[in-house]
Amino acid sequence: MKKDMHQKREGFSSSIGVIAAVLGSAVGLGNIWKFPYVTGANGGAAFILVYLLCVALVGLPVMLAEHLIGRHTKSNAVGAFKKLEPRRPWFLVGGAGVLSAFLIMAFYTSVAGWVYAYIFKSAGGMLISTKPEDTSLVFTTLVSGVTEPLFWQIVVLLVTGTIIMAGVTKGIERVTKILMPILFILLIIIDIRSLTLPGAAEGLSFLFKPDFSKITVGVILAALGLAFFKLSVGMGAMITYGSYIDKNENLPKMAIKVALADTLVSLMAGIAIFPAVFAFGFKPDVGPKLLFVIIPTVFNSMPFGRIFMVFFFVLTAIAATGAMLSLLEVIIAYSTEQYQWTRRKATLLTILAIGLLGSTATLSNSILAQFTVFGKTFFDFYDFATSNVLLPVGGIFIALFVGWQWGHTNVKREMSNEGQLKNDGLVRVYMVLIKYVVPIAIVLVLLVGLKILQFE
Ligand code: PHE
C-alpha cells in the first residue's frame, strides 16, 4: 500500500480486501430479496437466462469500465470525469450517479429496516408459523405501520452512518470477509432444507426450465435493470471503489470473479426460496414480500429453525449494510472531495437527506399510499427510476465515455497495468463490447421497454 494514499484507501491493499469490498457492495438485498421476487414476478427460468446474458454482456463490461476510470483517476464519481475531460460536461454522468445513490438509498433503507425488524421478530418468536396467512400477516402489519417501519429505517441510517463516519473501510472489510462465507454456508443449509421439502421439484423447474413464451420486452428491461442494480453499476459506486484499488490488481479477472460469486449467491437464494414457494402453496409472483413470508415458513419446518432464522436475517442485514456503505460512499467521496466537507458533516447531512426522502418510500405502504408519481407509489418509483432508467442510462454514458472518448490506448494501458499483464486479445474483445454491444443493447432495451410501459 502506498503511503501517499488517503486513509480511507487503506483497506484495499490486498487482493482479498478488494474482492471483499467490491463483493460487499454487489451482494446485498439485490440477491436475497430482489432477485427472487423479480424472478418470481417475471416467470422464472426464462427470465434468469436473460438476466445472465445481461450480466455477462452488459453489467460486467460496465463494472470493468468503472473500475478502470476510478483506479486511473483516484477520484469520486464526479471528479473522475472532471479529471479526464475537464472541458466537457461528462461529469454530469457522475452527478446523475450521486442522485441515483440518494434514490436507491431511499427505498433500500426501508427494506433494510424490515430486515433489521425481522431479526427481532424471529428472535422473539413472532414468526413461528408455517401457514402462509400467518407469515403474510406479520409482514403486512409491519410495512403498513407508520412508526415501526420508520423507526427501523432510522436505525439503519444511524448504523450505516456511524460506520461510514468512522471511515472504517478496514473494519467493514474485515467483518465481511468473515461473514460472507457464513452467509454462503447458511444459504447451503437452507437450500438443502428447501430442496428436500415435499413438492420441491416444481420450484426447481420454475427456476431452471425456461418457458420462452414468458419473455417480453418488459421482462428484458427488468432483467437488465436487475443486472445493473445487482452489480452496483451505472451510478459510480464502482468508480468510487475503483479509486481505492491498487494499481497492481488484475481488474478484468477481479470483475469476473465478483460477477460470478454475486450470481451464485442470487441463484442460491432462488433455490432457497422457490421450492418452498411451491411446497407451501404460495404464489411466486407476490412481489417484494416474497422473502419475508417464505423464509420463515422454511425455517419453521426444520429443527432449530428459529435459531437459523435469526442468523439468516442477521446476515442479510449485514449484506444489506455492506451494499449501503458503498452507496453512501458515492455521496461522501463526492462531497468531501469536491466541496472539501469533513467526513462528519458530509455523513450527517447525507443521512438526514436520505432519512427525509426515504420516509416517503416507507410511508408509501401506509399514509402515502395514494400519492403516485407516473402511476407508481414513491417506493416503486424510486426503485423503477433507478434500476430501470437511471442505472442503464448511466451505463450507456459510462460505456460511451470509456469506449469512444477515453479510447483504446488508455483502456489498454490501464487494463494491462501499464503493460505488465499480457492481455491484448482481451482488451480488443472488451473494446468491441464497450463501444458497440453495451450501448446498443441498452438503448434498444430501453427504447422498446419503456415504450411498452406507456401502454400498460
Ligand atoms: N448491488 C446492491 C445489491 O444488490 C445494491 C447496490 C446498487 C449497491 C447500486 C450499490 C450501488 O443489493
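All residue numbers in this chain count up from 1 along the given sequence. What you see is a predicted model, and the numbers here were worked out from it, not measured in a lab. Atoms within each ligand, like the ligands themselves, are counted from 1 in listed order.
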Which N or O atoms of ligand 1 sit under 3.5 Å from a protein N or O, and how far apart is each pair?
unit_1   : atom_1 : unit_2 : atom_2 : d
ligand 1 : 1 (N)  : S25    : O      : 3.3
ligand 1 : 1 (N)  : A26    : O      : 2.9
ligand 1 : 1 (N)  : F229   : O      : 2.8
ligand 1 : 1 (N)  : K230   : O      : 2.9
ligand 1 : 1 (N)  : S232   : OG     : 3.0
ligand 1 : 4 (O)  : A26    : O      : 3.0
ligand 1 : 4 (O)  : G30    : N      : 3.3
ligand 1 : 4 (O)  : K230   : NZ     : 2.5
ligand 1 : 12 (O) : L29    : N      : 3.1
ligand 1 : 12 (O) : G30    : N      : 2.9
ligand 1 : 12 (O) : Y108   : OH     : 2.4

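Nearest heavy-atom pair, Y116 versus F120, reported as atom, atom and distance to 0.1 Å: O-CD1, 3.3 Å.
The number of heavy atoms from other shown groups lying within 6.0 Å of NZ (K283) does not exceed 12. With a 6.0 Å radius and a threshold of 12 heavy atoms from other residues, nucleotides or ligands, F397 has its CZ atom at or below the threshold.
Ring geometry for F292 versus W114: interplanar angle over 60°, hence perpendicular rather than tilted (30 to 60°).
Centroid-to-centroid, the aromatic rings of Y37 and W33 come within less than 6.0 Å. Taking the ring centroids of F274 and F206, they lie under the 6.0 Å cut-off.
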